[in-house]
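Whatever order the structure lists ligands and atoms in, that order sets their numbers, starting from 1.
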Amino acid sequence: MAFITHIRTFAALGSGVIGSGWVARALAHGLDVVAWDPAPGAEAALRARIANAWPALQKQGLAPGASPERLRFVETVEECVRDADFIQESAPERLDLKLDLHARISAAARPEAIIGSSTSGLLPSDFYADAVHPERCVVGHPFNPVYLLPLVEVVGGEKTAPEAVQAAIEVYTALGMRPLHVRKEVPGFIADRLLEALWREALHLVNDGVASTGEIDDAIRFGAGLRWSFMGTFLTYTLAGGNAGMRHFMAQFGPALQLPWTYLPAPELTEALIDSVVEGTREQQGSRSIAELERYRDDCLLAVLDAVKATKEKHGFAFAD
Ligand SMILES: NC(=O)C1=CN([C@@H]2O[C@H](COP(=O)(O)OP(=O)(O)OC[C@H]3O[C@@H](n4cnc5c(N)ncnc54)[C@H](O)[C@@H]3O)[C@@H](O)[C@H]2O)C=CC1
Ligand SMILES: C[N+](C)(C)CC(=O)CC(=O)[O-]
């Protein structure tokens with residue numbers, strides 16, 4: 001089966017926070033968009049959200065012919081998907097609801113049209129269980145706001161064809177995104193596993209009266225959050241090991257993982273785990289020295305700080321706000 005990768009018509013089912021973000025992104029990329037949502041007043045709410053997002057999309061640059069007027073809101077699931085080249089479901093996070101909805105979507109859609117779901121953690125093998133042609137069904141988990149953040153996690157289920165995963169990656173790339181193929185179908189995928197660990201600890205800190213929500217947000221905003229926009233945890237910690245890199249870092253800070261700071265059980269630090277982390281970060285480091293990477297990190301940090309500062313000033317905030 002050859003799946004459609006050059007798309008002109010994008011179908012969006014569910015037009016809440018995430019669905020409207022997909023609609024905005026697709027419109028900005030010059031596509032025709034057909035949307036459906038069963039809530040009363042959904043069309044007006046969707047158009048208002050698009051209007052709110054449009055100035056940012058204009059600043060980022062629109063594709064030729066891009067216009068909010070190319071959005072058509074329809075009355076049924078079937079009408080929404082019938083002629084679509086690509087379909088993205090962003091309905092509420094309930095297994096029973098998604099199971100029914102995907103049976104309906106897939107029965108009405110063209111078999112060569114990829115169907116993506118925005119689910120943030122349900123497993124595709126579960127909610128695509130009753131889908132027709134499940135080989136074209138994937139998860140495409142985006143991040144809010146969908147029209148600006150590039151990451152989309154692509155996950156196949158037991159019946160998904162590898163070619164469909166590839167086709168979805170092509171389509172999301174054409175929409176200006178940065179797809180990340182999650183090779184194993186695990187709850188929460190990659191990003192939400194990480195975000196939920198942080199979230200769980202943050203809630204414990206509030207619950208125990210250690211810090212306010214604002215203080216916890218400050219702990220992220222003025223520290224690791226600035227780094228994370230350009231360098232992830234593994235490479236950051238490689239630099240924290242100095243010239244000796246990740247192996248020294250693991251020796252120095254690894255034992256802290258066993259201290260009762262966390263409410264999450266820590267993994268056992270086996271030699272195999274340490275080797276995997278060291279090898280992985282060595283690959284990320286490539287041929288660059290720690291000093292080179294430090295200069296890269298510092299330049300990025302300054303650029304991010306300057307950008308955040310200037311944008312805050314423009315909106316009437318002090319840098320420390
Ligand atoms: N909010 C977030 O930060 C993120 C959410 N997601 C995922 O996106 C999906 C949608 O979440 P949100 O947009 O946040 O929820 P939301 O509550 O903002 O929007 C859900 C929309 O679905 C509509 N809806 C209700 N029943 C429906 C049905 N049977 N079929 C189709 N649409 C229906 C609702 O009227 C509403 O407009 C979920 O699967 C969620 O896990 C993914 C990434 C981030
Ligand atoms: C809260 N959430 C799990 C729905 C968040 C996401 O899935 C991604 C995001 O935008 O943070």
Where the closest heavy atom to [atom] is concerned, which of [options] has it?
atom: atom 7 (C) of ligand 1; options: S118, A45, P40, S20; answer: S118
atom: atom 24 (N) of ligand 1; options: C80, P92, A91, G14; answer: P92
atom: atom 4 (C) of ligand 2; options: S120, P142, G21; answer: S120
atom: atom 27 (C) of ligand 1; options: G19, S15, P38; answer: P38
atom: atom 7 (O) of ligand 2; options: H141, E153, E196; answer: H141
atom: atom 43 (C) of ligand 1; options: P142, S120, S117; answer: P142

Protein contact to [atom] [nearest heavy atom, distance to 0.1 Å]:
atom: atom 23 (C) of ligand 1; answer: D37 OD2, 3.2 Å
atom: atom 3 (O) of ligand 1; answer: N144 CB, 4.0 Å
atom: atom 9 (C) of ligand 2; answer: F143 CD2, 3.4 Å
atom: atom 40 (C) of ligand 1; answer: E93 OE1, 3.8 Å
atom: atom 20 (C) of ligand 1; answer: S90 O, 3.8 Å
atom: atom 15 (O) of ligand 1; answer: V17 N, 4.7 Å
atom: atom 10 (O) of ligand 2; answer: N144 N, 3.0 Å

D192, portion touching ligand 2 at heavy-atom distance under 4.0 Å: side chain
Contact partition for L195 relative to ligand 2, non-hydrogen atoms under 4.0 Å: side chain
Please list, in number order, the atoms of ligand 1 under 4.0 Å from a heavy atom of [X].
X: H141; result: 42 (C), 43 (C)
X: G16; result: 13 (O), 18 (O), 19 (O), 21 (C), 37 (O)
X: A39; result: 35 (O)

Answer yes or no: is there a donor N or O on one side and an acceptor on the other, between the side chain of [X] and the main chain of [Y], under 3.5 Å?
X: D37; Y: A39; value: yes
X: E196; Y: G188; value: no
X: Y128; Y: H102; value: no
X: R136; Y: A113; value: yes
X: S118; Y: E89; value: yes

Contact check, K98 vs ligand 1, heavy-atom distance below 4.0 Å: yes
Close approach, W36 and ligand 1, non-hydrogen under 4.0 angstrom: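 It does; at least one heavy atom falls under 4.0 Å.
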Aromatic ring pairing Y172/F86, orientation class (parallel under 30°, perpendicular over 60°, tilted between):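 Rings of Y172 and F86: perpendicular, as their planes differ by over 60°.
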Check against salt bridge (charged side-chain N to carboxylate O under 4.0 Å, His left out), D306 and K309: CA-CA 5 Å; D306 282 345; K309 194 173 171 196; over 6 Å; no
Minimum side-chain heavy-atom gap T233-W228 below 4.5 Å: yes
Side chains of T119 and F189 in contact at under 4.5 Å (non-hydrogen atoms): yes
Atom CZ of F234 with >12 non-hydrogen neighbours under 6.0 angstrom: no
Flag if over 12 foreign heavy atoms under 6.0 Å of CG, D96: yes
From CD (Q88) to CD1 (I105), nearest 0.5 Å: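 Between atom CD of Q88 and atom CD1 of I105 there are 10.0 Å.
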Ion pair R104/D130, N-O distance below 4.0 Å: no
With heavy atoms only and a cut-off of under 4.0 Å, state how [X] meets ligand 1: side chain, backbone, both or neither.
X: I18; result: both
X: D100; result: neither
X: L101; result: side chain

Atom 1 (C) of ligand 2 within contact range, any protein heavy atom under 4.0 Å: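 Looking at atom 1 (C) of ligand 2, one finds that no protein heavy atom lies closer than 4.0 Å.
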Cation-pi check, K312 onto F319 ring (under 6.0 Å, within 45° of axis): yes
